[in-house]
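First comes the structure, then the notes that go with it.
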Amino acid sequence: MEERQFTVTPEAAGQRLDRFLSGLLPDMSRASLKKAVEQGHCHIDGLPAGGASCKVRAGQTVSLVLPSPARAMQPEDGMLDILWQDAHMAVINKPAGLTVHPCPSCPEGTLAHRLLAHFPGLAAQDGPRPGIVHRLDKDTSGLMVVALTEAARLRLSAAFAGREVHKEYLALMRGVPPQEGECGAPLGRHPRIKVKMAVVPERHGGRPARSAWRVLWSSPDGRAALAAVRIFTGRTHQIRVHCAYMGHPLWGDAVYGPADAADPAAARRALDDAGLPPAVPPARQMLHAWRLSLHHPMTGALLQFCCPPPQDMLDAAVTLGTCRMRRVVITGNPGCGKSSLLRRLGAAGLPVFSADAEVGRLYMRGGAGWDFLRQRHGSRFLREDGELNRPALRAAMHADPELRREVERYVHMLVRDALERFWHVQEQAGAACAVAEVPLYFEAGWHLEPGLPAPLTIAVSCPLDVRHARLLATRGWSAETSATLESWQWAAARKEAACDIRVDNSGSEADLDSRTAALLDELRGRRTAEAHALRRHLTGLWTPQAG
């Protein structure tokens with residue numbers, strides 16, 4: 001218990017008792033002082049005060065007994081990131097994983113306990129949550145305002161209740177929403193799971209809620225988007241529920257997101273392969289209170305604060321932006337050595353796919369390509385043993401461009417389907433990179449087809465005379481046959497110019513071994529560079545220069 005005594009000066013004579021005390025005890029609200037008087041804790045000249053509205057007279061001695069705060073909460077040491085403070089309020093950066101105030105499931109170790117240790121004067125405030133005028137979820141990080149006096153607490157609480165405080169968050173969403181938009185779905189308690197909130201019609205008890213977002217960045221594959229989300233109401237779990245309602249729950253949100261709320265293992269493997277530090281999947285909802293602006297509770301001055309997100313959120317965004325499996329297409333003209341490069345990459349541990357090998361399977365007796373030709377042309381292109389006569393088919397396609405287009409359309413469609421299955425299987429297996437040899441990648445127009453991600457293309461180059469000599473030695477192709485197949489493709493110079501990387505294969509086998517090792521280094525370096533570039537780009541989004 002603490003007793004305070006005051007003498008009424010001539011200037012204060014005639015004031016109501018509660019007003020007189022309020023002027024001397026600015027850290028206490030008029031309501032709390034009135035309550036203390038009504039509970040018999042105030043005496044005037046040794047006699048109980050007649051009430052909070054009684055008038056004081058000059059020379060009177062007013063004593064007020066203040067009971068010790070009836071709370072089990074005690075100050076606790078702990079890190080507190082104070083960004084700004086004065087005598088009336090402070091602005092802090094709350095870390096993820098810290099509960100704001102005591103509750104049955106977390107009676108100790110809260111932000112409120114740490115605040116008491118850093119600001120002992122908070123113990124004089126009313127209520128069990130000294131200094132707390134708004135809250136963030138335990139696993140949400142970022143800006144919070146703390147009232148250091150009772151007068152500031154009342155005014156700040158009124159400002160938050162009156163929606164006079166501008167609050168903006170950074171949210172890492174699954175998928176990519178429209179560039180800008182709003183969600184006004186009303187929110188209330190989940191009808192069956194009481195620890196959750198849900199979209200609830202107002203006629204069933206839902207309360208109005210409004211959130212607006214703008215996308216700051218999205219991953220090339222559409223897996224994730226970083227958005228700035230402004231809330232105009234302060235409903236519990238508002239952003240998390242609204243994002244889930246729109247079909248874009250927050251990454252790492254185990255309550256409102258899908259079962260795999262943590263990032264898949266593929267992301268970690270991809271980054272590990274690139275030589276980057278191990279990626280930590282989101283262990284909490286990726287939400288950070290980024291910007292805050294309000295008027296000072298006592299002076300009225302406009303205060304604006306901006307706080308970058310913590311490292312785990314940046315790491316999660318970089319992981320999601322770079323963890324997609326790298327698709328690589330090797331192409332080139334006949335005899336350049338595409339298959340030789342593919343074999344070396346496969347020996348290095350990369351999963352590989354050969355369009356030529358797939359065509360070979362399609363043309364085998366009973367294969368889809370074989371059956372298509374048999375149905376369309378009978379035994380015209382079949383040998384006596386029933387197998388496909390590929391030289392005869394090649395000659396007929398050379399003589400009849402329409403036949404060539406017909407066969408290519410059908411076979412390319414089947415090869416394309418097989419390639420997509422290959423990409424999908426390897427990505428599901430967590431491969432960091434998968435390589436496909438596709439001689440007619442550009443000629444088939446696959447580079448023009450929509451869809452993400454676009455493969456990295458590699459052209460294997462070799463002089464025409466060397467290529468023809470190789471084809472004669474390895475396949476027995478005449479100069480005429482080589483020229484025919486060459487005519488069905490883009491010119492070598494055009495194909496090489498269209499690719500991202502060129503690998504020279506005009507030398508020996510040992511030369512190609514060396515260039516394969518250099519290519520692997522370049523692939524790893526590109527992923528590392530992409531991750532670092534994305535980290536710099538994202539960091540630039542929340543620097544002061546960015547607005």
Checklist entry - Taking all non-hydrogen atoms of both residues, which atom of V37 and which atom of C42 are closest, and how far apart? => result CG2-CB, 3.8 Å
Item to check | Contact summary for A147 and L122, nearest pair of heavy atoms | outcome: O-CD2, 3.1 Å
Any sub-3.5 Å donor-acceptor pair from [X]'s side-chain atoms to [Y]'s backbone N or O?
X    : Y    : answer
E76  : G109 : yes
Q5   : S63  : no
T331 : V438 : yes
K94  : T140 : yes
H118 : R114 : yes
R284 : D139 : yes
D500 : T457 : yes
S219 : R223 : yes
Q238 : R235 : yes
T110 : A112 : yes

Return yes if a side-chain donor-acceptor contact under 3.5 Å exists between [X] and [Y], otherwise no.
X    : Y    : answer
Y169 : H288 : no
R291 : H166 : no
S354 : E437 : yes
H113 : D77  : no

Item to check | Test log, rule side chain to side chain contact (heavy atoms under 4.5 Å, CB included), inputs L33 and L17 | outcome: CA-CA 9 Å; L33 290 169; L17 176 59; over 6 Å; no
When you look at [atom1] of [X], are more than 12 heavy atoms from neighbouring residues, nucleotides or ligands closer to it than 6.0 Å?
X    : atom1 : value
F160 : CZ    : yes
R515 : CZ    : yes
K196 : NZ    : yes

Do [X] and [Y] sit within salt-bridge range, that is, some charged N less than 4.0 Å from a carboxylate O?
X    : Y    : result
D315 : R535 : yes
D137 : R135 : yes
E530 : R527 : no
R324 : D221 : yes

Checklist entry - F422 vs F353 aromatic rings, parallel, tilted or perpendicular, using cut-offs 30° and 60°? => result tilted
Next on the checklist: As an exercise, state the distance from CH2 of W217 to CG of L541, rounded to the nearest 0.5 Å.
Outcome noted: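 Spacing of CH2 (W217) from CG (L541) equals 9.5 Å.
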Item to check | Step-by-step side-chain hydrogen bond (donor to acceptor under 3.5 Å, both in side chains) determination, Y256 to H237 | outcome: CA-CA 10 Å; Y256 299 105; H237 298 177; 2.7 Å; yes
Checklist entry - Does R416 count as lying over the ring of W446, i.e. NZ or CZ under 6.0 Å from the six-ring centre, within 45 degrees of the axis? => result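 Positive - R416 is close enough to the ring of W446 and near enough to its axis.
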Next on the checklist: For a side chain to side chain contact (heavy atoms under 4.5 Å, CB included) check, start with the C-alpha distance between F305 and L294, then their side-chain angles and the critical distance, and finish with the verdict.
Outcome noted: CA-CA 9 Å; F305 303 95; L294 71 163; 4.1 Å; yes
Next on the checklist: Assess the residue pair E182 and R210 against the criterion (side chain to side chain contact (heavy atoms under 4.5 Å, CB included)); give the C-alpha distance rounded to whole Å, side-chain angles, the decisive distance to 0.1 Å, and a yes or no.
Outcome noted: CA-CA 7 Å; E182 288 195 9; R210 179 185 168 207; 3.1 Å; yes
